[in-house]
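Residue indices begin at 1 and follow the sequence shown.
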Amino acid sequence: MSGRKETVLDLAKFVDKGVQVKLTGGRQVSGTLKGYDQLLNLVLDEAVEFIRDVDDPLKTTDQTRRLGLIVCRGTAVMLVSPTDGTEEIANPFIQPDGA
């Protein structure tokens, strides 16, 4: 075994493609992945942050804020997912009123 550290994720296939990143603390951003390192520090271009609901910080609203070129510190990254091929669906576990 070599002493070289490797990441569990292979982000090379997402470089120059759209990704959505969830960060600790509830922030959520999306942008074009321009680079990364073995510590999972990410460089995103044309980044957009999704503003959270003031009443429920766990929910995001339709409001966004343009951030431009950003660096996401690897220790804050919880989830990285591609934006292509994903879509939001209705929650199948919500019970209709009166049921």
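- Within a 6.0 Å sphere centred on CZ of Arg27, other residues, nucleotides and ligands contribute 12 heavy atoms or fewer.
- Under the 4.5 Å side-chain contact rule for hydrophobic residues, Leu44 and Met78 do not share a cluster.
- Here the straight-line distance linking atom CG of Asp62 with atom CG of Asp53 works out to 10.5 Å at 0.5 Å rounding.
- Note that CG of Leu40 and CD of Gln38 are 10.0 Å apart. Values are rounded to the nearest 0.5 Å.
- Following chains of ILVMFWY side-chain contacts shorter than 4.5 Å, one can reach Val15 starting from Ile70, so the two form part of one hydrophobic cluster.
- Transitive grouping of hydrophobic side chains (ILVMFWY, heavy atoms separated by less than 4.5 Å) brings Leu23 and Leu42 into a common cluster.
- Note: Arg73 CZ to Leu39 CG = 9.0 Å, rounded to the nearest 0.5 Å.
- Interatomic distance, CZ of Phe50 versus OG1 of Thr61, reported as 9.5 Å (0.5 Å rounding).
- Cluster membership for Val29 and Val77, using ILVMFWY side-chain heavy atoms within less than 4.5 angstrom, is shared.
- Side chain of Tyr36 to main chain of Ala12: a donor-acceptor pair is present (N/O by atom type, distance under 3.5 Å, no hydrogens or angles).
- Crowding of Lys34 atom NZ: a count of heavy atoms from other residues, nucleotides or ligands under 6.0 Å exceeding 12.
- The OG1 atom of Thr60 sits 10.5 Å away from the CD atom of Glu49 when rounded to the nearest 0.5 Å.
- Judged by distance alone, with hydrogens and angles left aside, the side-chain atoms of Thr64 form no donor-acceptor pair with the main-chain N or O of Val48 at under 3.5 Å.
- A continuous path of hydrophobic side-chain contacts links Val21 to Leu67 [ILVMFWY only; heavy atoms under 4.5 Å].
- How far CG of Leu11 is from CG of Asp37: 10.0 Å, rounded to the nearest 0.5 Å.
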